[in-house]
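Beneath this line is the structure, given in structure tokens, with notes to follow.
Throughout, a chain's letter reflects where its sequence line sits, starting with A, and its residues are numbered from 1.
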Protein chains: 2
Amino acid sequence: MPYDPSAFPPFAVTVDLVVLTVRRHALCALTVRRGEPPFQGRWALPGGFVRADEDLAQAAARELAEETGLRAHDPSVPVQDNGAHLEQLATYGDPKRDPRMRVVSVAHLALAPDLPAPRAGGDASNARWAPVEELLQQGGYGRDGEPVAPLAFDHAQILSDGVERARSKIEYSSLATAFCPPEFTVGELRRVYEAVWGVALDPRNFHRKVTGTPGFLVPTGGTTTRQGGRPAQLFHAGGATLLNPPMLRPEV
Amino acid sequence: MPYDPSAFPPFAVTVDLVVLTVRRHALCALTVRRGEPPFQGRWALPGGFVRADEDLAQAAARELAEETGLRAHDPSVPVQDNGAHLEQLATYGDPKRDPRMRVVSVAHLALAPDLPAPRAGGDASNARWAPVEELLQQGGYGRDGEPVAPLAFDHAQILSDGVERARSKIEYSSLATAFCPPEFTVGELRRVYEAVWGVALDPRNFHRKVTGTPGFLVPTGGTTTRQGGRPAQLFHAGGATLLNPPMLRPEV
DNA sequence: GTGTTTATCGTCAAGCAGACGACTATGATC
DNA sequence: GATCATAGTCGTCTGCTTGACGATAAACAC
């Protein structure tokens with residue numbers, strides 16, 4: 001492999017973000033409306049060019065902050081703040097994925113608690129949380145009966161990969177807590193699993209599992225009734241990041 | 001995010017390969033000796049530039065074929081041929097990872113059965129299989145007592161990530177069969193797990209687990225004594241790709 | 001034949017998951 | 001205030017899987 005700078009073609013490198021959250025019992029992704037061609041007016045994943053002096057993770061964290069105001073969560077610190085979980089997802093480099101030029105996109109996956117309104121560089125009308133179920137159905141119709149236009153570029157594929165990563169990763173890690181506020185109840189955590197997986201879980205077995213796993217949940221001492229019913233204990237995420245044995249996703 | 005072609009810096013995009021195999025009870029990786037600066041004379045992972053009309057997966061498959069003669073395995077076809085398993089691993093883009101220029105490398109992970117001698121573009125003396133344990137120890141000494149120079153660039157990190165991916169992925173998938181020849185015995189498969197994880201497994205429990213998982217192993221009818229001892233049944237990999245419940249990696 | 005090696009079958013106890021009954025503590029409604 | 005609906009929490013039971021390990025089988029070396 002001789003090194004010849006003229007031997008390689010010019011590439012643009014971008015980061016695209018799959019930002020997931022749980023709203024109203026549904027797994028939702030952040031989308032922004034494209035203001036210029038190609039795919040003008042269509043929804044797309046947020047993203048942008050990597051700058052000359054930036055690492056890929058830095059670029060992703062910068063884009064995340066620009067779009068949502070969220071700080072990226074430092075993986076070396078336990079998840080207790082409002083920072084979002086951010087990890088690299090995969091890289092997409094089909095020569096024809098962008099009709100304008102050769103663009104390689106390093107997709108990242110971010111998990112966030114339910115947020116106030118999104119902002120797309122300050123323009124909230126061009127950003128929204130959409131249920132991934134709507135975004136991924138091909139040629140279907142949204143909840144309002146309007147036909148759903150597919151996402152721009154290969155973003156449907158990227159979103160699909162990100163959702164699958166999130167679905168599998170909450171099985172064997174404590175990542176589901178990244179969807180929760182700093183303090184949460186067992187029931188709220190269970191509803192996260194139910195929304196991400198799209199299944200119903202037995203509250204009693206779930207409670208036994210998560211409270212019986214050492215280091216997963218730490219009681220804060222407080223209780224809340226914000227879900228109605230009997231007051232529930234409040235917890236925050238413990239130091240454990242790996243769940244062993246894993247939480248089993250029910251068969252479909 | 002306005003689109004301005006002059007707004008992004010030029011990137012070179014490469015693919016680097018973590019090619020793993022099991023030789024003499026040890027997990028080994030393919031390394032090539034660098035012929036020019038930087039890191040001249042040091043060992044590195046094989047790789048090269050992505051061409052103008054190539055997808056990332058195509059580039060990785062081409063590099064793999066150039067270095068080893070292996071065809072990349074088509075994921076849609078059951079693993080029964082000698083093709084190697086190839087998947088994207090992660091992307092590395094630190095601005096300083098290559099002192100010459102901005103290079104973003106899309107690392108791929110390949111798993112191959114034990115092969116004849118490697119060839120580095122026809123030059124076998126500049127390619128070798130090295131135990132990952134030796135490659136990853138910092139400032140240690142190899143089996144021959146020679147001091148081990150660390151891999152070039154950030155390739156130690158890439159290799160480490162690839163090994164960890166392989167170690168975790170054989171837990172819940174049938175990927176370990178990618179290290180085996182087309183027909184293999186339960187004992188040979190067990191020795192793959194033992195080499196990759198660096199642990200000893202109980203032959204009886206392992207046998208029960210893999211033969212009891214539907215679709216994992218399909219008996220070919222033949223037997224072999226190539227390992228000595230009582231003749232063992234020969235199998236090839238079945239259609240099942242996911243192991244549920246997973247093979248449990250013993251605690252360390 | 002004896003010993004060695006590897007393969008394969010079987011047994012048993014401990015742990016975990018799924019199904020589900022029972023009870024508790026709130027707010028809402030009559 | 002009694003009743004009801006809602007959600008949380010604690011138990012029980014059964015079946016499956018695992019880990020530890022005994023026992024037998026079929027080859028080769030001497």
Side-chain angles (χ1 to χ4, degrees), chain A residues 24-25 170-172 180 183-195 197 199-236 240 242-252, chain B residues 24-25 170-172 180 183-195 197 199-236 240 242-252:
Chain A
R24 286 185 261 116
H25 282 221
I170 65 173
E171 283 189 77
Y172 56 89
C180 295
E183 296 197 348
F184 53 90
T185 69
V186 172
E188 288 163 351
L189 183 62
R190 174 171 49 80
R191 279 180 278 275
V192 164
Y193 276 91
E194 292 178 333
W197 285 344
V199 298
L201 300 175
D202 185 287
R204 298 156 292 189
N205 293 337
F206 183 87
H207 189 278
R208 177 182 59 189
K209 173 72 178 172
V210 297
T211 58
T213 300
F216 188 9
L217 297 182
V218 179
T220 66
T223 60
T224 182
T225 61
R226 62 183 167 218
Q227 298 291 336
R230 170 175 167 179
Q233 251 190 300
L234 282 169
F235 297 86
H236 59 252
L242 250 54
L243 248 53
N244 201 347
M247 178 93 57
L248 295 178
R249 177 161 28 162
E251 315 277 321
V252 178
Chain B
R24 286 185 260 115
H25 281 221
I170 64 174
E171 282 188 77
Y172 57 89
C180 294
E183 295 196 348
F184 52 90
T185 68
V186 173
E188 288 163 350
L189 183 62
R190 175 171 48 81
R191 280 180 278 275
V192 164
Y193 275 89
E194 292 178 333
W197 284 345
V199 298
L201 299 175
D202 184 288
R204 297 155 293 188
N205 293 337
F206 183 87
H207 189 278
R208 177 181 60 189
K209 174 70 177 172
V210 296
T211 58
T213 301
F216 188 8
L217 297 183
V218 179
T220 66
T223 60
T224 183
T225 61
R226 62 183 167 219
Q227 297 292 335
R230 170 176 167 180
Q233 250 190 300
L234 282 168
F235 297 86
H236 59 252
L242 251 54
L243 247 52
N244 202 346
M247 177 93 57
L248 295 177
R249 178 162 25 164
E251 314 279 321
V252 180

To the nearest Å, give me how far apart [atom1] ([X]) and [atom2] ([N]) are.
X	N	atom1	atom2	answer
A:Leu248	D:dT17	CG	P	12 Å
B:Leu217	C:dA7	CG	C1'	14 Å
B:Leu201	D:dT18	CG	P	13 Å
B:Gln233	C:dA7	CD	P	12 Å
B:Arg204	D:dG22	CZ	P	7 Å
A:Asn205	D:dT14	CG	C1'	13 Å
B:Asn244	C:dA17	CG	P	13 Å
B:His25	C:dT6	NE2	C1'	12 Å

- Task: Step by step, work out the side chain to side chain contact (heavy atoms under 4.5 Å, CB included) result for A:Phe206 and A:Met247.
- Result: CA-CA 9 Å; A:Phe206 183 87; A:Met247 178 93 57; 3.8 Å; yes
- Query: Mapping A:Pro246 and A:Thr225 to their closest nucleotides on DNA chain C, which lands nearer the 5' end?
  - Reply: A:Pro246
Student check: side-chain heavy atoms of [X] and [Y] closer than 4.5 Å:
X	Y	answer
A:Lys209	A:Phe216	no
A:Ile170	A:Val192	no
B:Arg191	B:His25	yes

- When rounded to the nearest 0.5 angstrom, what is the spacing between CD in A:Gln233 and OG1 in A:Thr224? 12.0 Å
Using a cut-off of strictly less than 4.0 Å, decide whether [X] has a side-chain nitrogen or oxygen near OP1 or OP2 of [N].
X	N	answer
A:His207	D:dG8	no
B:Arg190	C:dA7	yes
B:Lys209	D:dT17	no
B:Arg191	C:dA7	yes

- Spell out yes or no: do the side chain of B:Arg230 and the base of C:dA7 have one donor N/O and one acceptor N/O closer than 3.5 Å? yes
- If you check every side-chain atom of A:Pro203, which of D:dT9, C:dA17, C:dT6 has the closest atom? D:dT9
- Query: Of the nucleotides D:dC13, D:dG19, D:dA7, which one has an atom closest to the side chain of A:Arg208?
  - Reply: D:dC13
- Would you kindly compare A:Gln227 and A:Asp202 by the position of their nearest DNA chain D nucleotide and give the one closer to the 5′ end? A:Gln227
